[in-house]
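Letters A, B, ... mirror the listed sequences (proteins, then strands); counts begin at 1.
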Amino acid sequence: MTQSTPNSAPRPVPVPTAESRVFWDGAEAGRLTLRRCTGCGRLAAPLAPRCAGCLGAEFEAETLSGRAVLGGRTVLHVPGIPGGATPATLVQCAVAEDPRIGLVALDTTGATKRLRPGDMLSLSFADMGGGVFLAVARPGAAP
Amino acid sequence: MTAAVAIAGFGASEIARKSDRGIAAFALDAALAALADAGITRSDVDGYVGAPFATNAGSPHAECGDEISLKSVMGMMDLPLAWGADLYRRYPTDMVASAAHALAAGTSRFVLGLRALYVAPGLDYATGGSDRAFGADQMTRPYGFNIAGARFAARAWGYMTTHGWDREDLWNVVSLARRNAANNPDAVWRDRPLDRQTYMDARMVAEPHGLFDCDMPVCGAQAFVMCRGEDLPEAATPAWVTGFSGFARPNAIWDMSGRTPDDLATAQLYDGFSSMIWEWLDGFGITEPGQAPGFFRDGHAEPGGRLPVNTFGGSLGEGRMHGMGHLREGYLQATDRAGTRQQETGPALVQVGPFDDSSFVLLEPDRPRHAA
Ligand SMILES: [Zn+2]
C-alpha cells in the first residue's frame with residue numbers, strides 16, 4: 001500500500017478558545033507551548049479550563065523542549081483524510097515534561113516506522129496551509 | 001445491588017445493511033419485541049433510558065442525523081412516562097445502571113431501554129466531514145485522528161509492538177467473531193465465513209487494522225425491559241443485575257456483586273475494532289498485562305473454552321449495534337436462552353466502550369440472596 005491517493009477534503013481549521021490559544025499561538029511560532037499553573041507548578045493540557053491538580057486558574061505560558069514519548073502510531077489508508085494524501089502516518093505521544101498530557105502529531109516522513117512505544121520524539125510545528133500549524137513528529141530528541 | 005433488579009426481557013429488530021425504512025421503525029420493532037418478551041404491555045412502561053450517540057455517520061456529537069431519544073420514543077409510543085433519560089455519549093451498560101437506579105429509587109416499575117443504529121445514506125462512515133474543528137476536536141480532527149478508528153489503531157500498534165503480537169492475533173479475534181456469528185440468526189455476517197487469506201489480503205484501513213478489523217455499520221435496534229424482583233411478570237425470564245461499574249474503578253463490579261473474574265461463565269467484550277477486545281481481559285486480570293492475545297491464540301475464548309468471549313459474534317460478526325448486541329447476548333447467556341450457542345449458564349460479564357471510557361454490567365441467572 002504505497003500508492004498515494006490524491007485528496008480534496010479540506011483540513012479542518014482548529015478554532016481556538018481562550019484556553020487553547022496559547023498552544024496554537026505557540027504552534028504558529030513553531031514551538032510547543034503549554035500553560036504552567038502558577039499555584040502548584042503543574043502543566044495544563046491545551047484545553048484544560050483550570051489546573052487539574054489544584055484547580056487554580058492562573059497560568060504562565062511556557063515553551064517546552066518539544067520532546068515527547070511515542071505511545072501509538074497508525075498509518076491511515078482510507079480515502080477522505082483531510083488536507084493531504086493517503087497513506088498518512090499519525091502518532092500519539094506524551095509530552096516529556098508531563099506524560100499525562102497527550103498530543104497527536106503527523107509523521108510527514110514516515111521515519112517513526114522504525115520506532116517502538118516509549119522511544120523519544122521531537123515535535124515541531126509545520127504550516128499545513130490555510131493558516132493551520134500542526135505538530136509534526138520526528139525520531140529523537142529535539143534540536 | 002441493595003434492590004433485586006432484573007432485565008425481564010429483550011427484543012430486537014432485524015439488522016440490515018441498508019434500509020428504506022427509517023430509524024424509528026427499527027426502534028419501535030425492538031421496543032415492542034422487548035415488551036412482548038418481558039410479558040408486559042405498553043401501558044406498563046413508566047420509565048425510559050437511551051444512549052443516543054454515534055448513531056450514524058456524522059453524528060458523534062448528536063448534532064447531525066436522526067437519533068432515537070426519550071422525546072421521540074414518548075411520541076411514537078404515546079407514552080406518558082414518569083421518568084426517562086438519554087445518556088449522552090454513554091453505552092448500553094450505562095443504560096442498565098441508570099435503569100437500576102430508577103428502579104431502586106422507586107421512580108419507575110418498568111423501564112424500557114432502547115438503542116437504535118442507522119446507516120444514513122450519503123454520509124461516509126469513516127470520515128464524516130466539516131471544515132472547522134471546534135472544542136476538543138481541535139486537537140485531533142485537523143490531523144485526521146478521528147478518522148476510521150485511528151486512535152484505536154494507534155493504541156493497537158503500541159500494544160502489539162510492546163508485547164510482541166501481530167496481525168495473526170487480530171485475525172484470531174476476527175475469525176472467532178465470524179465463526180460465532182454463524183450461530184446468530186440476526187448477524188449480518190452469519191452466512192459469510194471468512195478465511196485467513198481473505199482477511200490478510202483485505203485493504204488496510206488504519207494500520208494495524210484492515211477492513212475486517214472494523215465492524216460493519218448497520219440499521220437495527222435492540223431493547224430491553226427492566227424491573228424490580230417483586231414486579232417480575234410471570235412470563236418473564238430474568239437476568240439479575242448483580243453489579244455494574246465504570247472504567248475508572250472497574251473492580252467496583254466485583255465489590256458490588258460479590259463475584260470475582262473466576263466466577264464468570266461468559267464475557268461479551270466490545271469489539272468495534274478487533275484490538276479493543278483485548279483491553280479488559282488484561283484490565284480485569286483475567287490475563288497478565290499484555291497477554292490477552294495469547295488467550296485467543298490458545299483457544300480459551302472459544303465456545304466451550306475457559307471463558308467464552310462474544311458468543312454471538314460480537315460487533316465484528318453481528319454488525320455495529322454499539323454494544324446492545326453484547327448486552328443482549330449477556331442477557332441470553334445468563335438466562336439459558338442462547339440456543340445453539342448457549343454456554344455454561346452463569347455470571348455473564350458485559351463490557352461496552354473504549355479502553356478509556358468503558359462500563360460494565362454483570363448479569364446472573366439467580367436472584368441475589370442479599371438483595372431486598
Ligand atoms: Zn495547579
How many angstroms lie between CD in A:Glu19 and CD in B:Gln138, if you round to the nearest 0.5 Å? 9.0 Å

If you measure from OG1 on A:Thr74 to CZ on B:Phe152, what distance do you get to the nearest 0.5 Å? 12.0 Å

Report the distance from atom OG1 of B:Thr140 to atom CG of A:Leu90, rounding to the nearest 0.5 Å. 10.5 Å

Can you tell me how far CZ of A:Phe23 sits from CE of B:Met139, rounded to the nearest 0.5 angstrom? 3.5 Å

Chain B shares the most heavy-atom pairs under 4.5 Å, among A:Gly102, A:Gly71, A:Gly118, with A:Gly71

I need the minimum non-hydrogen distance between A:Leu76 and B:Ile147, along with the two atoms involved. CD2-O, 3.9 Å

Side chain / backbone / both / neither for A:Leu106 at chain B, heavy atoms under 4.5 Å: both

Could you state the interatomic distance from CE (A:Met128) to OH (B:Tyr143), rounded to the nearest 0.5 Å? 9.0 Å

Identify the two heavy atoms, one from B:Met204 and one from A:His77, that lie closest to each other, and give their separation to 0.1 Å. O-CB, 3.2 Å

Do A:Pro117 and B:Trp157 come close enough that some side-chain heavy atom pair is under 4.5 Å? yes

B:Asp356, CG atom: more than 12 neighbouring heavy atoms under 6.0 Å: yes

When you measure from the side chain of B:Arg155 to the backbone N and O of A:Gly72, does any donor-acceptor pair fall under 3.5 Å? no

Under a 4.5 Å heavy-atom cut-off, does chain B meet the side chain of A:Ala88, its backbone, both or neither? neither

Per-residue tally against chain B (heavy atom, under 4.5 Å) across A:Thr17, A:Val75, A:Val91, A:Leu47 peaks at A:Val75

With a sphere of 6.0 Å drawn around CD of B:Glu288, does it hold more than 12 non-hydrogen atoms of other residues, nucleotides or ligands? no

